[in-house]
Amino acid sequence: MASTVKDSEQAALAPSPPAKLRPAELVLRLLLFAASLSGLVVLVTGKQTAIVPVVLTPPFRFGPVAAEFTNSPALIYLLVALCMTCLYSFLTAASSVKSGGSSCAKKIFVHILLDVYHAAVMASATGAAAAVAWVGLKGNEHTRWNKICNVYDKFCRHIGTATALGLVASILLLLLAGLNAYSLYRRRR
């Protein structure tokens, strides 16, 4: 009986480390929402029209040609990934506020899995968009793809910023997965 009382006193006096990590998780989820929403807005508003040669053989003809994110499947993929991450971060932040900082081990484990999944999707979308942005910035002499950022400078700035915000979102998702894994580890110890 004495050992039961002693065990219950130790359990009552033991600090609860996972509860201390909940405000950090909420802040990271709000930052994730802000980064993904900002990236989404910047990507969608990245449109520019320029007068460029339409016919490349003499006699040259010039005309307006628009550059927008819908011209590239990689940028559409980035848009979808940013939309998914924005919605996911909003829903998980709302559930964190609703639960009041208390969460069970099962919920933490599910958050770890979903954070890693979304981090992988964001990382792959960011990599694809970065590759397209690099070709737009530098071109590719071997395939004779000309650089376009000297003509569509505003468009390229938008794509670069959206890609950078996608990278920030990927890093925040990895931090959230690590934070939740640490929280689960401390809870089970």
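When reading the values below, keep in mind they use all heavy atoms of this one structure, side chains included, and skip hydrogens, waters and symmetry mates. Just so it is clear, the structure is predicted and the values come from calculations on it, not from any experiment.
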State whether the side chain of T49 and the backbone N or O of A66 hold a donor-acceptor pair below 3.5 Å, judged by distance alone.
no
Any idea which heavy atoms bring S96 and L26 closest together, and the distance?
CB-CD1, 4.3 Å
Rounded at 0.5 Å granularity, tell me how far OH in Y185 sits from CD1 in I108.
15.0 Å
Going from SG on C86 to CG on L37, what distance comes out if it is rounded to the nearest 0.5 angstrom?
4.5 Å
Heavy-atom check, side chain of L176 versus side chain of H111, under 4.5 Å
no
Could you tell me the separation between the CG atom of L174 and the CG atom of L179, rounded to the nearest 0.5 Å?
12.5 Å
Under 3.5 Å side-chain donor-acceptor pair for Y88 and S36:
no
Got H158 and L43 here, is their nearest side-chain heavy-atom distance under 4.5 Å?
no
Given the rule that I, L, V, M, F, W and Y join up when any side-chain heavy atoms are under 4.5 Å apart, are I159 and Y152 in one cluster?
yes
Would you mind reporting whether V121 and Y77 have side-chain heavy atoms less than 4.5 Å apart?
yes
Are the side chain of Q48 and the backbone N or O of A67 linked by a donor-acceptor pair below 3.5 Å?
no
Is V151 close to V52 at the side-chain level, that is, under 4.5 Å between some pair of heavy atoms?
yes
Linked, directly or transitively: V42 and V80 (ILVMFWY side chains, under 4.5 Å):
no
Flag, side chain of H118 to backbone of T85, donor-acceptor distance under 3.5 Å
no
Among L75, L78, V132, whose side-chain contact (heavy atoms from CB on, under 4.5 Å) with F69 holds?
L75
Counting C-beta onward and ignoring hydrogens, is there a side-chain heavy-atom pair between K138 and K147 closer than 4.5 Å?
no
Value rounded to 0.5 Å, distance of CG in L40 from CE in M84:
12.5 Å
Atom of L30, atom of A93 and distance for their closest heavy-atom approach:
CD2-CB, 4.2 Å
Is it the case that more than 12 heavy atoms not belonging to Y117 sit under 6.0 Å from its OH atom?
no
Does S38 use its side chain to pair, donor to acceptor, with the backbone of A35 at less than 3.5 Å?
no
Hey, are the side chains of K107 and S95 touching, using non-hydrogen atoms and a 4.5 Å cut-off?
yes
Minimal non-hydrogen separation, V116 against A177, with atom names:
CG2-CB, 3.8 Å
Heavy-atom closest pair (A128 atom, A74 atom, distance to 0.1 Å) is O-CB, 3.7 Å
Following the transitive rule for hydrophobic clusters with a side-chain heavy-atom cut-off under 4.5 Å over Ile, Leu, Val, Met, Phe, Trp and Tyr, establish whether L82 and L167 coincide in one cluster.
yes
Could you report the tightest heavy-atom contact between A81 and A125, atom names first, then the distance?
CB-CB, 3.6 Å
Is it the case that one hydrophobic cluster holds both M122 and V44, taking links as side-chain heavy atoms less than 4.5 Å apart, direct or via other members?
yes
Enter the distance from E25:CD to L32:CG here, rounded to the nearest 0.5 Å.
11.0 Å
Among V97, D115, L91, which residue meets the side-chain contact (heavy atoms from CB on, under 4.5 Å) test with R29?
D115
In Å and rounded to the nearest 0.5 Å, what is the OG1 to CZ distance from T45 to F155?
11.0 Å
Does a side-chain heavy-atom distance below 4.5 Å link L175 with I171?
yes
With hydrophobic residues grouped by side-chain heavy-atom distances under 4.5 Å, do L114 and L31 end up in a single group?
yes
Going by disulfide (SG to SG under 2.5 Å), name the pairs with one or both residues in residues 111-163, residues two or more places apart or in two chains.
C149-C156
Sorted by chain and residue number, the side-chain contact (heavy atoms from CB on, under 4.5 Å) partners of A105 (sequence neighbours excluded) come out as L184, R187, R188
